[in-house]
Amino acid sequence: IAGPIVKFNDMIAQFESKTNSFVNFKNIIIGLIILSIGIIKKVFIADNLSILSDQTFSLSENINFLNAWIGTLSFTFQIYFDFSGYIDMATGVALLFNIRLPKNFDSPYLSTSLINFWQRWHITLSSFLMNYIYFPWLKSMKSINFFKSMMITLFVFLIAGIWHGPTWLYVIFGALHGFG
């Protein structure tokens, strides 16, 4: 679920490669380093930030300005390090087996726009949704106009929201991103 989402045709050559049947110590060392970085991000950073954000938001009736900011920033970076850690762990484990996964995370909080954010956050999910839902649906239209393309965009973001979790909160998340 955390990705990356890969196409069979993009990966099969690596699985069938004769060089992948040999132990590559360089890939093992790099893979273990990337895996370790991912574990540190997830276990030591994201999980500790979740404790802080959960404690802050449990004060819902007595929360003050400073606590609200601390909770919000803690949650923001908890999500960042959680997802980034998962990606690093998947990338590191794959590299142990000489499999190179596509880039799936590229400093999304440095984005300059909402569009740029989705080009950097869960890159393979964005690509999957564009290639398998957005473009086919758009191409199936007899005539395309701004309104239709925006409705399809909104629908695709609703699916992206549901992908992240089957709750109303994620549906709202998808809708807000779609409107954005």
Check: Taking C-beta and beyond as the side chain, do L95 and T91 meet within less than 4.5 Å on heavy atoms?
Finding: no
Next item on the list: Enter the distance from D10:CG to I12:CD1 here, rounded to the nearest 0.5 Å.
Entry: 11.0 Å
Next item on the list: Can you see which heavy atom on D82 is nearest to which on A46, and at what distance?
Entry: N-CB, 3.6 Å
Next item on the list: Kindly work out whether a path of hydrophobic side-chain contacts (I/L/V/M/F/W/Y, heavy atoms less than 4.5 Å apart) joins L101 to I33.
Entry: no
Next item on the list: Carefully, step by step, assess L49 and F75 under the rule side-chain contact (heavy atoms from CB on, under 4.5 Å).
Entry: CA-CA 7 Å; L49 286 171; F75 183 72; over 6 Å; no
Check: M89, F97: one ILVMFWY side-chain cluster at the under-4.5 Å cut-off?
Finding: yes
Checklist line | salt bridge (charged side-chain N to carboxylate O under 4.0 Å, His left out) partners of K7, counting only residues at least two apart | finding: none
Item checked: Non-hydrogen atoms of L96 and I28 that approach each other most closely -> CD2-O, 3.5 Å
Next item on the list: Scan side-chain atoms only and decide if N131 and S127 contain a donor-acceptor pair under the 3.5 Å cut-off.
Entry: yes
Notebook entry, point to check: Who pairs with F155 by ring-ring contact (aromatic ring centres under 6.0 Å, His included), at least two apart in sequence or on another chain?
Noted result: W137
Next item on the list: Working to the nearest 0.5 Å, report the span between CD1 of I39 and CG of L32.
Entry: 9.0 Å
Item checked: Listed partners of S74 passing side-chain hydrogen bond (donor to acceptor under 3.5 Å, both in side chains), at least two apart -> none
Checklist line | T124 side chain vs P4 backbone, donor-acceptor pair below 3.5 Å | finding: no
Item checked: Joint hydrophobic cluster, I99 plus Y86, side-chain heavy atoms closer than 4.5 Å -> yes
Notebook entry, point to check: Can you name the residues that form a salt bridge (charged side-chain N to carboxylate O under 4.0 Å, His left out) with D47, not counting sequence neighbours?
Noted result: K42
Notebook entry, point to check: If you take all heavy atoms of V6 and P102, which pair is closest and at what distance?
Noted result: CG1-CD, 3.4 Å
Check: Are F179 and L154 side-chain neighbours, meaning at least one heavy-atom pair lies under 4.5 Å?
Finding: yes
Notebook entry, point to check: What orientation do F77 and F81 show, parallel under 30°, tilted 30 to 60°, or perpendicular over 60°?
Noted result: tilted
Next item on the list: Give, for atom CD of Q78 and atom CD1 of I51, the distance between the pair rounded to the nearest 0.5 Å.
Entry: 9.5 Å
Check: Hey, are K148 and S143 close enough side-chain-wise for a donor-acceptor pair under 3.5 Å?
Finding: yes
Item checked: Transitive ILVMFWY side-chain link I45 to L110, under 4.5 Å -> no
Notebook entry, point to check: For W121, what residues pass the side-chain hydrogen bond (donor to acceptor under 3.5 Å, both in side chains) criterion, not counting sequence neighbours?
Noted result: none
Notebook entry, point to check: What about L129 and M141, same hydrophobic cluster or not, with Ile/Leu/Val/Met/Phe/Trp/Tyr joined at side-chain heavy-atom distances under 4.5 Å?
Noted result: yes
Next item on the list: Measure the OG1-OH distance between T167 and Y170 for me, rounded to the nearest 0.5 Å.
Entry: 6.0 Å
Check: Between N98 (side chain) and F22 (backbone), is there a donor-acceptor pair under 3.5 Å?
Finding: yes
Margin query: The criterion is salt bridge (charged side-chain N to carboxylate O under 4.0 Å, His left out); which residues satisfy it with K41, sequence neighbours excluded?
Written below: D88
Item checked: Between H164 and F173, ring centroids under 6.0 Å -> yes
Margin query: Main chain of W118, side chain of S126: is a donor-acceptor contact present, judged purely on distance under 3.5 Å?
Written below: yes
Checklist line | Aromatic centroids of F157 and Y134 separated by under 6.0 Å | finding: no
Next item on the list: Go through H122 and I87 one step at a time and tell me if the side-chain contact (heavy atoms from CB on, under 4.5 Å) criterion holds.
Entry: CA-CA 9 Å; H122 211 324; I87 296 301; 5.9 Å; no
Item checked: Crowding at CD1, I115 (>12 non-hydrogen neighbours, <6.0 Å) -> no
Next item on the list: Please name the pair of heavy atoms, one in P108 and one in F117, separated by the smallest distance, quoted to 0.1 Å.
Entry: O-CD1, 3.5 Å
Next item on the list: Measure the spacing between OH of Y109 and CZ of R120 and express it to the nearest 0.5 Å.
Entry: 13.0 Å
Item checked: Distance, nearest 0.5 Å, that separates OG1 of T56 from CG of N67 -> 5.5 Å
